[in-house]
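Heads up, the thing below is written out as structure tokens.
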Amino acid sequence: MSSNYRITYNVDMVFCIDATGSMGGVINMVKNNALHFFNDVTQAMARKNKTIDKLRVRVVAFRDYIADGDDAMLVTDFFSLPEQTADFERCVNSIEAFGGGDDPEDGLEALGYAIRSNWNAEGMKKRQVIVVWTDATTHDLGFGASAPNYPSRMAKTFDELTAWWGDCQNSGYINQNAKRLLLFAPNGPHWNVISDTWDNVIHFPSVAGKGLGEYDYEQIIDSISNTI
Amino acid sequence: MATNNKKGSLLTFVDSMFVVAGEMIEQNGEDSYSYCLGNKFGYIGVFDGCGGIGSRKYENYDNKTGAYIASHVSGLTMLDWFKKFCAADYELSSNNIKNICDSIKDNLERELKIFESSSATAAIKGSLTKNFPTTASMILFTSNKTEMYAAYIWAGDSRGFLLTEDGLFQVTTDDIEIDGDAMENLSNDSKLTNMVCADGDFKLNSRIISGEEKGIFVTATDGFFAYFSTPMEFEFMIIDSMLASDSVETWKSQLANYIKKYTGDDFTMGVTVYGYKTFKALKKSYFDRHNVLYTKYISKLADMSDEEKVNLWNDYKKNYYRGD
């Protein structure tokens, strides 16, 4: 019997980054984490003798449709890593913390974009990981619908967004087995509901204005690599 | 952790009992095991700490993860429980299997809660987090001198098997969200729906097997069976490595060397051989099965498409699930 057979791992990650003014103190850390995720996760996997065959990352930088107009949402396509590392780094480094208006932000719309990503359906073992970094609670979906650039195909209600995420009875826009949602977000609306009711979620609660640095970065990387 | 109390009447029926184990990261493997052979009962169990769900590290426990602590504590707890079970001279039967499962669950939960209560409260929330999560696949067995009686008890996706000259039989059923057959589950990668954990929100499944005069109990973590392209290769590995050996000790080495070529995870497999008397007789009993496996399945795999492998599996699985 030969040992040519090898399990392949394809990983897609979407980074949803709160780019409002209140993130000013921690945005560089978040950007730094995003930029190092590829190396850190692949190294953590390599220590377990696993190799990621295809890894793609996408960025959704979000603010507030009412307060920030055209700057409310930056959405990229997937970058294939390591081939498009330079493009990915340029994109992440261009994100600056400003705007936001009131305290809640449009994080649910960012999550909506992330869930409807063009996920890689190939490979024996897949992971489709969404990582949200924010220090703010969220508006209700559609709070910014009066803005001219508000997306027409966005989920209309939180229930619809929940259906987009799916569950074991009704699959959504993301593979039920492959999906993971990592929240670095306050334990408040609507992140707390997502944390309590959606499946495949790991929530690292942050305190508004205090940044996200209290968690052991190595543990976060382990959380991701161990679920791949 | 392992003990092998080689005295008493059950020993006349059990030929050998051993575990083959290895870890991907030295000193940080999240698998564990324990086993013990008493006068009347035997026990062997494997545990696979759930690394993604239990990745939190505990400073007061040598910075080990919750997954590592859970599997190792569970192994030790089961050894302690088994000794008390033997001392109490309970019966192992279908009438009291529920009581046995309840007793094991109470013990595992109690011990894991001690670790939970002595650690700082975790702020981490969400459906993919548990405190001290681990799978468990355990076999309790006894004999009436002519045949074996075994209770397979499990939570999670570590598995229990019975291997006889008729082939491998998977006794346990994985606790996963989307439950396919063993071939589908190699690529389904579905989420665990049940595992041992400190909050006690888990169940222990059980199934009783009896009537075999000789056979091999096998219990394994997924590092031992989930990295082949088909379930047939797992059975072939066990038998092929046995036939390539001249003693139990060399069989253990052969198994370890074999699985290292395939696995991408910590691996642990507990084996209990009974009823064959000698290693030579054991090998002789499996010559025919080895030939069938090789000619019907294994020799054909190398050039096969995925679809053809599924067709081959569909033929093999009638026997693999023969107890269902």
Side-chain angles (χ1 to χ4, degrees), chain A residues 1-10 44-51 123-127 129 167-169 171 175-185 187 191-192 194-207 214-216 218-228, chain B residues 23-26 28-30 49-57 59 63 65-67 122-129 176-179 185-191 193 223 226-230 232-233 236-237 240 258-266 293-294 297-299 301-302 306 309:
Chain A
M1 200 162 82
S2 73
S3 58
N4 293 333
Y5 175 76
R6 191 174 65 86
I7 291 175
T8 56
Y9 297 90
N10 289 345
M45 292 209 32
R47 287 197 293 272
K48 297 171 192 295
N49 203 22
K50 294 177 182 175
T51 306
M124 292 188 65
K125 302 245 180 185
K126 293 179 283 292
R127 279 292 175 266
V129 183
D167 57 32
C168 59
Q169 266 85 43
S171 59
N175 185 293
Q176 180 64 20
N177 292 333
K179 70 185 183 186
R180 301 287 185 268
L181 174 58
L182 271 72
L183 295 176
F184 302 97
N187 189 25
W191 305 121
N192 54 351
I194 290 172
S195 173
D196 291 342
T197 60
W198 289 18
D199 53 12
N200 292 23
V201 176
I202 303 176
H203 184 186
F204 301 82
S206 62
V207 177
E214 63 264 45
Y215 294 109
D216 177 359
E218 189 186 342
Q219 183 187 333
I220 294 164
I221 295 298
D222 282 346
S223 294
I224 295 174
S225 61
N226 282 335
T227 66
I228 294 173
Chain B
E23 51 193 7
M24 300 309 291
I25 303 175
E26 205 173 336
N28 283 288
E30 290 174 343
C50 304
I53 298 168
S55 62
R56 182 186 169 198
K57 291 183 176 175
E59 284 182 17
N63 222 26
T65 65
I124 302 170
K125 299 172 60 194
S127 55
L128 263 190
T129 61
I176 53 178
E177 190 171 82
I178 300 171
D179 187 23
N185 289 346
L186 289 174
S187 54
N188 266 355
D189 197 22
S190 188
K191 191 177 82 171
T193 54
Y227 289 83
F228 295 112
S229 67
T230 65
M232 299 77 105
E233 292 159 271
F236 186 74
M237 170 189 66
D240 193 53
Y258 205 119
I259 195 59
K260 281 175 189 169
K261 294 176 194 164
Y262 289 86
T263 194
D265 201 352
D266 301 327
L293 268 179
Y294 186 76
Y297 305 109
I298 304 301
S299 63
L301 286 174
D306 289 346
K309 285 180 181 176

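Keep in mind that this is a model prediction, so the values were computed, not measured. Order of the sequence lines fixes the chain letters, A, B, ..., with proteins taken first and strands second; residue numbering starts at 1 for each chain.
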(request) Indicate the atoms forming the closest heavy-atom contact of A:K125 with B:L186, along with that distance. (result) CE-O, 3.8 Å
(message) So for A:D196, is it side chain, backbone, both, or neither that comes closer than 4.5 Å to the heavy atoms of chain B?
(response) side chain
(request) Indicate yes or no for a side-chain donor-acceptor contact from B:S127 to the backbone of A:W198 under 3.5 Å, with no hydrogens or angles considered. (result) yes
(request) Could you grab the distance from atom OG1 of B:T193 to atom CG of A:D199, nearest 0.5 Å is fine? (result) 12.0 Å
(message) How long is the straight-line distance from CG of B:L128 back to CD1 of A:I202, given to the nearest 0.5 Å?
(response) 5.0 Å
(request) Mind ranking A:L183, A:L181, A:N187 by heavy-atom pairs under 4.5 Å with chain B and telling me who comes out on top? (result) A:N187
